[in-house]
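Both counts, for ligands and for their atoms, begin at 1 and track the order of listing. None of these values were measured; they are calculated from a predicted model.
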Amino acid sequence: MTLNAMGDEWWRTATIYEVAPISFQDSNGDGKGDLRGVLSRIDYLKWLGIDAVWLTPIYQSPFRDLGYDIADYCAVDPVFGNLDDFDRLVAALHEAGIRLILDFVPNHTSSDHAWFFESMRSRDNPKADWYIWADAADNGGPPNNWLSRFGGSAWEWCEARGQYYYHSFLVEQPDLNWRNPQVRAALADVMRFWLDRGVDGLRVDASAVLIKDHLLRDNPPNPEAKGKPPPQRDTPVFTDDRPETMHCIEFIREVIDEYPGRLLCGEVQGKTDRIGHFYGNERPRLHLPLNFALLDSAWDALSLQATIDAYRNALPKGAWPVWVIGGHDKQRVASKIGQRQMRLLAMLLLTLKGTPFFYMGDEIGRERVPIPPDRVRDPFEKLVPGYGLCRDPERAPMRWDDSPKGGFTTGEPWLPLEHDGTPNVAQQRGDRDTILQLFRQLIALRRAHPCLQYGEQEAIPSRHDVLAFRRVAGDRKVLIVLNLSNEPRKWDCRGHGRILIATNPDRRTERLEKPTVLLRGGEGLIIEIDA
Ligand code: GLC
């Protein structure tokens, strides 16, 4: 199918794959992945069957926070290549029928950005108002009690201006002033720069924190602070998810809508019951606010049933659901639930109604990679140690084969890879029974089957640790049953049918002679029920 044949809302039926390019494939032996590396792996992406790739930031950056600290929005960092490499990558992905989504980081820049150098110089330069500046409190300390997510006060003193500036994250990541129309216009131009180059969508980073309270009111203490890392000891009511932030997202959406068929997804914060707001009402906001509820849920059938229901209830009418099972900020779920249950999660992700997102390595059941203390790169871990917040274990380079450097690089990998015997692509591609093959089959089925593409999702009461639901399109009906227990379970399918995919490969296409099916421990089935 050509890209255009999929229509403007291609993302409804797409499977989206997150890639952190620095850890995907190195092409020049410097131990860091790059754009040519991604280009060289397009065959794999095509084989896997994903429809779109989302790249974490590739822009010029001192790389203090995985490139989320941008020094030039319109340049590719030399570590990753250059704009020509980028254009070649877009063309080659499109040729392969794969779309490209870029990370867009509008909340903050790097303190190395030219805008910030100018802004910090004086109180009356042309960009004086491009960042969030405030006078000291009466005692000379920070203007209020706001905390940085990465530890300590969110305010940093600037000698040249005799003022503080605000940073939601690192000291080296000053927040832009989204109340300033010039800032909005400049960021709109950044979006157009990449959209004009053929990018199919943007993922808005930290979209919930774009505006902070203009009265700078102090945040109240968090009643559930006990045992939490210091940055979470306040409740961020005056810094996060402000009503004015929604207008910024509407503005970003208007720019996207200048280009038909482009996707706006975004990182949102807070509880499931807030997610509906990020879709917008009269004025549209994000097409797809990323939903991490499956990762936050306890891993048992009743908790998952409740999590899925709560999320679906929180969606406004007409909103298209999203499900995410991994990411560069999230602990690897395979480490939490184990390899067998990971197969169930793959089946769940790719059968629920909504757009599935997964993260490079999830498809081989990648687990957290142990990082020795002297190799830690993540500033979060360095600044807030001792709470298990380090994100390096999921950012370690991709394992393509079982060689010491994993087929990722010929040099010294920027983060260590785990030892031999861990899952890798080459071994799993060659074995029909692996989780990689299961992912591939599930993606292919989802693409081919109308029930899984756009069918309605109907709840079925979960019992005895079996999670079940139906997807229905016209007179076709697909039943999904996932046995989360380690014991066999009987399930009444209320009809005859045929197994389309089983998490145990030897059961793949069995016909059900009886309406009752016996599920093995930890087994999941997709069953087409006879019409
Ligand atoms: C987003 C990114 C995260 C980064 C933060 C600050 O949450 O996903 O990786 O640390 O923004 O830029």
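- Within ligand 1, counting atoms from 1 as listed, the ones closer than 4.0 Å to a heavy atom of Phe150 are 10 (O).
- Of the charged side-chain nitrogens involved, none lies within less than 4.0 Å of a carboxylate oxygen, so that Asp257 and Arg262 do not count as a salt-bridged pair.
- Ligand 1 has no atom lying under 4.0 Å from any heavy atom of Arg64.
- Applying the 4.0 Å criterion to heavy atoms of His108 picks out, from ligand 1, the atoms 6 (C), 12 (O).
- Per-residue contacts place Arg391 under 4.0 angstrom from the following atoms of ligand 1 (heavy atoms of the residue considered): 3 (C), 4 (C), 9 (O), 10 (O).
- At a heavy-atom cutoff of 4.0 Å, ligand 1 is contacted by no atom of Lys330, backbone or side chain.
- Remark: minimum distance from atom 7 (O) of ligand 1 to any protein heavy atom is reached at Glu267 OE2, 2.9 Å.
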Inset, instruction - Give the intermediate values and the outcome of salt bridge (Lys or Arg N to Asp or Glu O under 4.0 Å) for residues Arg203 and Glu267. - result: CA-CA 7 Å; Arg203 173 261 187 195; Glu267 179 190 32; 3.6 Å; yes

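- Contact annotation: Asp329 has at least one heavy atom less than 4.0 Å from an atom of ligand 1.
- Atom numbering of ligand 1 starts at 1 in the shown order; those under 4.0 Å from a heavy atom of His328 are 2 (C), 3 (C), 8 (O), 9 (O).
- What sits closest to atom 2 (C) of ligand 1 on the protein, heavy atoms only, is Asp205 OD1, 3.1 Å.
- Residue contact annotation: Arg395 has a non-hydrogen atom under 4.0 Å from ligand 1.
- Listed by number with element, the atoms of ligand 1 under 4.0 Å from a non-hydrogen atom of Asp65 are 4 (C), 5 (C), 6 (C), 10 (O), 12 (O).
- The six-membered or imidazole ring of Trp130 lies away from that of Tyr165, with a centre-to-centre distance of 6.0 Å or more.
- Both the sub-6.0 Å distance and the 45° axial angle are not jointly satisfied by Arg184 relative to the ring of Trp178.
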May I have the list of side-chain donor-acceptor pairs in residues 221-231 shorter than 3.5 Å, sequence neighbours left out?
{"unit_1": "Asn222", "atom_1": "OD1", "unit_2": "Glu224", "atom_2": "N", "d": "2.8"}
{"unit_1": "Asn222", "atom_1": "ND2", "unit_2": "Gln232", "atom_2": "O", "d": "2.9"}
{"unit_1": "Lys228", "atom_1": "NZ", "unit_2": "Glu224", "atom_2": "O", "d": "3.3"}

Inset, instruction - Step by step, work out the salt bridge (Lys or Arg N to Asp or Glu O under 4.0 Å) result for Arg312 and Asp309. - result: CA-CA 5 Å; Arg312 286 165 54 79; Asp309 200 56; 5.5 Å; no

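- Taking every heavy atom of Arg203 and a limit of under 4.0 angstrom, the matching atoms of ligand 1 come to 8 (O).
- Taking the charged nitrogens against the carboxylate oxygens, Glu381 and Arg391 have no contact shorter than 4.0 Å, which rules out a salt bridge.
- Phe380 does not count as a contact of ligand 1, since none of its heavy atoms falls under 4.0 Å from the ligand.
- You'll find the ring centres of Trp400 and Tyr44 inside the 6.0 Å limit.
- Ligand 1 lies nowhere less than 4.0 angstrom from a heavy atom belonging to Arg149.
- Taking the six-membered ring for Trp, Tyr73 and Phe193 have ring centres at least 6.0 Å apart.
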